[in-house]
Amino acid sequence: MSSLFRSIKTLKNSSSTLLRRGYGSEAVPDRKVAVLGAAGGIGQPLALLMKLNPLVSSLSLYDIANTPGVAADVSHINTRSEVKGYVGEEELGKALEGSDVVIIPAGVPRKPGMTRDDLFNINAGIVKGLCEAIAKYCPNALVNMISNPVNSTVPIAAEVFKKAGTYDEKRLFGVTTLDVVRAKTFYAGKAKVPVAEVNVPVVGGHAGITILPLFSQATPKANLADEEIQALTKRTQDGGTEVVEAKAGKGSATLSMAYAGAIFADACLKGLNGVPDVVECSFVQSTVTELPFFASKVRLGKNGVEEVLGLGPLSDYEKEGLEKLKPELLASIEKGIKFTNNVVFIAANGTGFST
């Protein structure tokens with residue numbers, strides 16, 4: 001419950017910020033947010049949190065089943081946004097039309113007997129299809145990619161948008177906010193400082209060792225031993241596994257991911273509305289390293305990415321971690337690009353294969 005309460009407070013603060021900066025309540029722009037995969041384990045609590053966001057005027061919930069019930073349930077909450085539920089591929093266009101922000105938590109969890117490649121192919125296919133629809137119905141929306149593996153699904157989305165002629169690198173984001181949320185929480189506990197005051201940038205990617213929290217830049221400063229920093233780094237990298245094990249294999253990090261997704265979407269909305277100095281970490285097209293995509297601090301604005309910020313000074317431990325993550329992250333990026341290009345190639349040769 002504490003995560004939910006913190007989220008509500010944070011989301012409400014965004015509206016208060018607008019008002020303090022001279023906006024009247026009537027001047028807060030109308031914004032449509034679409035959640036694709038809204039009936040799932042992440043999608044339902046994410047839909048709830050976006051309904052609580054006062055910057056959202058229209059909330060569009062889409063899934064392949066059960067969305068009308070989720071939409072009806074959420075619509076009874078007495079906040080600003082109007083809620084509509086859409087179900088099935090034939091209603092996807094209506095769900096997306098006019099969207100300012102599209103959040104994608106869609107996908108399937110790993111099931112018994114399913115290999116990681118099986119899971120990748122299924123979720124990659126889902127993401128590809130959804131992004132094709134985004135390119136057609138709301139090409140100017142900010143796309144927040146939650147579907148895993150983010151290190152591959154973001155490049156998949158980029159390739160789909162390129163082929164559709166709608167790609168704008170400023171409008172495509174991999175949501176890595178959960179890594180930041182975990183790093184803040186774990187650091188606050190170890191440093192014994194109020195978590196609300198903590199800031200920890202997390203760079204790299206969104207899986208395993210590609211997640212690199214920069215505890216040397218954490219604020220407020222704490223004199224933690226090297227072994228404590230290493231333990232915090234490992235725990236942040238393994239946060240997802242920690243939750244899966246705690247749920248005895250019957251679930252994953254759905255609630256904390258929904259919270260993180262809502263926080264990042266809120267940042268995107270504030271940027272679109274002209275609130276200055278909105279900075280969050282995100283996995284985006286980048287020249288910060290030699291890799292084509294990389295997570296780092298990003299300044300958000302009316303066009304999406306206003307500026308991709310540099311890494312800043314790194315400790316020797318972080319420099320070593322950065323070099324270690326690069327080959328794995330590059331392999332994941334290339335896997336996503338290869339998937340998209342292979343699907344296009346096969347379909348073009350008339351085999352009838354599609355995802």
Side-chain angles (χ1 to χ4, degrees), residues 11 14 29-75 77 79-107 123 126-147 150 153-154 156-157 160-161 164 166-168 170-175 177 257-273 282 300 304:
L11 298 176
S14 65
D30 287 342
R31 295 295 182 191
K32 178 178 177 179
V33 173
V35 180
L36 308 185
I42 297 171
Q44 290 197 44
L46 179 58
L48 167 64
L49 292 172
M50 296 316 298
K51 181 69 171 87
L52 296 175
N53 191 318
L55 301 183
V56 180
S57 60
S58 176
L59 182 59
S60 177
L61 305 180
Y62 171 83
D63 215 317
I64 58 173
N66 303 320
T67 335
V70 175
D73 193 358
V74 172
S75 71
I77 296 171
T79 56
R80 176 191 181 200
S81 57
E82 295 184 0
V83 182
K84 292 184 179 180
Y86 301 89
V87 61
E89 189 174 345
E90 65 279 3
E91 295 189 354
L92 179 54
K94 291 181 181 179
L96 289 171
E97 285 176 345
S99 294
D100 296 287
V101 177
V102 179
I103 314 172
I104 310 179
N123 284 347
I126 291 170
V127 166
K128 177 180 176 294
L130 294 175
C131 288
E132 287 172 343
I134 291 169
K136 182 176 180 180
Y137 294 104
C138 56
N140 295 319
L142 302 189
V143 177
N144 292 185
M145 185 67 68
I146 292 175
S147 301
V150 167
T153 54
V154 169
I156 287 171
V160 170
F161 295 149
T166 64
Y167 181 53
D168 182 348
K170 295 181 178 181
R171 297 178 180 272
L172 176 60
F173 303 89
V175 179
T177 312
M257 185 64 249
Y259 169 80
I263 292 299
F264 188 76
D266 178 68
C268 287
L269 290 167
K270 287 191 287 187
L272 287 174
N273 290 349
S282 182
L300 300 168

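Not measured: the values here are computed from a predicted model.
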Minimum heavy-atom distance between P54 and R80, given as atom pair plus value: O-NH1, 3.1 Å
Exceeds 12 heavy-atom contacts within 6.0 angstrom, atom CD of E97: yes
Test side-chain contact (heavy atoms from CB on, under 4.5 Å) applied to F173 and I146, N144, V154, the passing residue: N144
Donor-acceptor contact present, side-chain S57 to main-chain D30, <3.5 Å: no
Check: A141 main-chain N/O paired with S99 side-chain donor or acceptor under 3.5 Å: no
Within 6.0 angstrom of K84 NZ, more than 12 heavy atoms from elsewhere: no
Neighbour count above 12 (heavy atom, 6.0 Å) for Y167 OH: yes
Which atom of G85 lies closest to which atom of E91, heavy atoms considered: O-OE1, 4.3 Å
T67 side-chain N/O to Y86 backbone N/O, donor-acceptor pair under 3.5 Å: yes
Enumerate donor-acceptor pairs with a distance under 3.5 Å from any side-chain N or O in residues 34-51 to protein atoms, sequence neighbours excluded.
{"unit_1": "Q44", "atom_1": "NE2", "unit_2": "A39", "atom_2": "O", "d": "3.0"}
{"unit_1": "K51", "atom_1": "NZ", "unit_2": "I77", "atom_2": "O", "d": "3.0"}
{"unit_1": "K51", "atom_1": "NZ", "unit_2": "T79", "atom_2": "O", "d": "3.1"}
{"unit_1": "K51", "atom_1": "NZ", "unit_2": "T79", "atom_2": "OG1", "d": "2.6"}
{"unit_1": "K51", "atom_1": "NZ", "unit_2": "S81", "atom_2": "O", "d": "3.0"}

CA sep, side-chain torsions, deciding dist, call: R31, D100, salt bridge (Lys or Arg N to Asp or Glu O under 4.0 Å): CA-CA 6 Å; R31 295 295 182 191; D100 296 287; 3.3 Å; yes
Worked check of salt bridge (Lys or Arg N to Asp or Glu O under 4.0 Å) between K136 and E132: CA-CA 6 Å; K136 182 176 180 180; E132 287 172 343; over 6 Å; no
Backbone N/O of P139 and side chain of T166: donor-acceptor pair under 3.5 Å: no
